[in-house]
Amino acid sequence: MTDQDIAKRRAAEAALEFVPEGEVIGVGTGSTANHFIDCLAGIRERIRGAVASSVATATRLKAAGIDLYELNDAGTLPLYVDGADEATEHRQLIKGGGGALTREKIIAAASRQFVCIADESKLVRRLGAFPLPVEVIPMARSYVAREIIALGGKPAYRKDFITDNGNAIVDVHGLDIVEPIKLEQALNNIVGVVTCGLFAARGADVLLLGGAGGVKRIG
Ligand code: 5RP
């Protein structure tokens, strides 16, 4: 394992203490979320099951012997655990590097507590150096790109990638995000946008950042 992987693993292990007994929890997507699934496998008899934020996560949860639930059947979840591409001290995030942002945002919205796990390199003073993923209905791609340019961003179509919902991803470069909630609303208001990867209006409740010295908790 690389140092970054060890840091991700530490954050994932630290999230276990938030897992409530006998409940269905939400599980995110990506390499840090995968570490969490591996940790969760060790305590699988303590939970009822999980709602997956992607097909990839569903496959991994199933392989770990964890029962899968549909969000529509599970109701409000007590906990959602997921990684991030960037995070601030205010626990606002950029997510969607893996393209699962829409389902991730739905599960985060439907959960009482969102614990974000990441290695400490993800902590930034201001969001935007990581290209902001935006999920787009395919026929609206070009229109949405023009609207994004009008908002000051440089859109790049993510080639050869289709989301689990059958949509396209536009990654927005060149943003220095001073007002994350305002930008999140503006992007979500463009017709044809399914959702953007800014998790600002509903950020994380707790941020667990793994590093060489252990895990730092924010929130
Ligand atoms: C997937 C995500 C991931 O949480 C994000 O890309 C971070 O991934 P990783 O844990 O592999 O660094 O939002 O859509």
Side-chain angles (χ1 to χ4, degrees), residues 1-16 25-40 50-61 71 79-88 91-111 114-124 127-136 156 158 160-173 175 177 180 184 187-188 193-211 215 218:
M1 271 205 265
T2 64
D3 286 351
Q4 193 182 23
D5 255 325
I6 292 168
K8 288 178 181 188
R9 183 74 179 201
R10 285 196 175 126
E13 282 166 357
L16 285 182
I25 65 166
V27 180
T29 297
S31 57
T32 319
N34 283 346
H35 280 296
F36 178 67
I37 296 168
D38 297 346
C39 295
L40 204 55
V51 174
S53 63
S54 64
V55 172
T57 287
T59 304
R60 200 173 179 105
L61 284 165
L71 183 62
L79 176 71
Y80 179 52
V81 179
D82 197 1
D85 298 301
E86 283 186 348
T88 68
R91 289 171 269 118
Q92 292 177 317
L93 315 169
I94 285 184
K95 292 185 45 53
L101 59 156
T102 299
R103 293 187 188 193
E104 292 172 343
K105 200 176 260 198
I106 293 168
I107 301 178
S111 299
F114 175 10
V115 174
C116 179
I117 52 176
D119 69 88
E120 62 191 3
S121 73
K122 303 288 182 70
L123 185 67
V124 296
L127 299 170
F130 188 92
L132 176 64
V134 179
E135 181 163 354
V136 177
R158 199 182 291 183
D160 303 320
F161 187 88
I162 299 170
T163 71
D164 287 346
N165 313 307
N167 296 316
I169 295 278
V170 171
D171 293 303
V172 187
H173 297 251
L175 291 172
I177 305 175
E184 181 178 5
L187 288 167
N188 286 342
V193 166
V194 180
T195 198
C196 76
L198 263 173
F199 285 53
R202 200 279 185 255
D205 300 299
V206 176
L207 185 55
L208 298 173
L209 295 169
V215 177
I218 300 175

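Note that the structure is a prediction, hence the values are computed from the model and not measured. Every number for a ligand or one of its atoms is a count from 1 in the order of the listing. Numbers for residues simply follow the sequence, beginning at 1.
At least one side-chain heavy atom of F36 sits less than 4.5 Å from a side-chain heavy atom of I25.
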Run T102 and E135 through side-chain hydrogen bond (donor to acceptor under 3.5 Å, both in side chains) and show every step you take. CA-CA 7 Å; T102 299; E135 181 163 354; 2.6 Å; yes

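Between A118 and A11, the closest heavy-atom pair is O-CB, 3.6 Å. Across all their heavy atoms, S111 and R202 have their closest contact at O-NH2, 3.0 Å. The two residues G97 and F130 have their closest heavy-atom pair at CA-CZ, 4.0 Å.
At least one donor-acceptor pair under 3.5 Å links the side chain of D82 to the backbone N or O of T29.
Ligand 1 is surrounded by K8, T29, G30, S31, T32, D82, G83, A84, D85, K95, G96, G97, G98, G99, A100, E104, K122, each with at least one heavy atom closer than 4.0 Å.
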